[in-house]
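Worksheet for the structure shown next.
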Amino acid sequence: MLGVHPADLFILAGLDVPSDLAPCAAPAGSILDHFVKTALRLPIEQREQLLGAARSMPLEEPAAPIVREPDRFPYGPGAVIVRLLRNRNLDSLNSAKMVYRLAGIGPLSAATINVVGLGRKELSPELLSGFATVLSYRVEDLAALIDIELPHAFSPADTASRQVAELIWEARHLSADQLHALQQKLVPAA
């Protein structure tokens, strides 16, 4: 079993994610980047505590309805990648930052993420590897899921990147205020 989240299965099938499986907070903005930078510097045990705390946080009702960008991407490998990123509540800017933070690829721009989604930029093996790290997939598994051939094997992501990618998944329901509170609770000096 590939360990695909049920919400991701809808995206991989070209379907809309049902509202009960979709992220329920507005994209977190710049606090997410700061949160990820902090999490990457923590020892393994503290990242595990942070992950547990994120899982236990209650879901907040948004003050106003969440307005999401309309999906303008045609179906194809790049569009699937961008939809998977959005399923982690990552907009184009945070997606670019996360590929850089977790996989060391880039820095990329938000526009680059958009042209990947539109199919105007080829998914090189290295770029696919970066997306796989952020999405918490093995690159070979992600390539198989979106029907892309890889010319060679890739090393797995390091422990910190894998844990933080899992943390991004768990934080997809958290508001910016909740992320800030979570970060302050576990790492007050950050």
For [X], does the [atom1] atom sit with more than 12 other heavy atoms under 6.0 Å from it, leaving out its own atoms?
X: E122; atom1: CD; answer: no
X: H5; atom1: NE2; answer: yes
X: Y100; atom1: OH; answer: no

* Decide side-chain contact (heavy atoms from CB on, under 4.5 Å) for L127 and L108; before the verdict, give the C-alpha distance in whole Å, the side-chain angles of both, and the deciding distance to 0.1 Å. => CA-CA 10 Å; L127 189 55; L108 304 173; 3.8 Å; yes

So which atom in [X] and which in [Y] form the shortest heavy-atom distance, rounded to 0.1 Å?
X: D91; Y: N94; answer: OD1-N, 2.8 Å
X: M98; Y: V36; answer: SD-CG2, 3.5 Å
X: L21; Y: N87; answer: O-OD1, 4.3 Å
X: P151; Y: P125; answer: CD-CG, 3.5 Å

* Asked: Can you list the steps and then say if S95 with S92 is a side chain to side chain donor-acceptor pair (under 3.5 Å)?
  -> CA-CA 5 Å; S95 294; S92 295; 5.9 Å; no

* To do: Decide side chain to side chain donor-acceptor pair (under 3.5 Å) for S30 and D33; before the verdict, give the C-alpha distance in whole Å, the side-chain angles of both, and the deciding distance to 0.1 Å.
  => CA-CA 5 Å; S30 63; D33 185 45; over 6 Å; no

Look at the side chain of [X] and the backbone N and O of [Y], then say whether any donor-acceptor pair between them is shorter than 3.5 Å.
X: R172; Y: I168; answer: no
X: S136; Y: A132; answer: no
X: Q178; Y: A171; answer: no

* Between R55 and E166, is there a side-chain N and carboxylate O pair less than 4.0 Å apart? ->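 Yes, this pair counts.
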
* Asked: Do the side chains of F10 and L90 join up, straight or via other hydrophobic residues, at under 4.5 Å, putting them in one cluster?
  -> yes

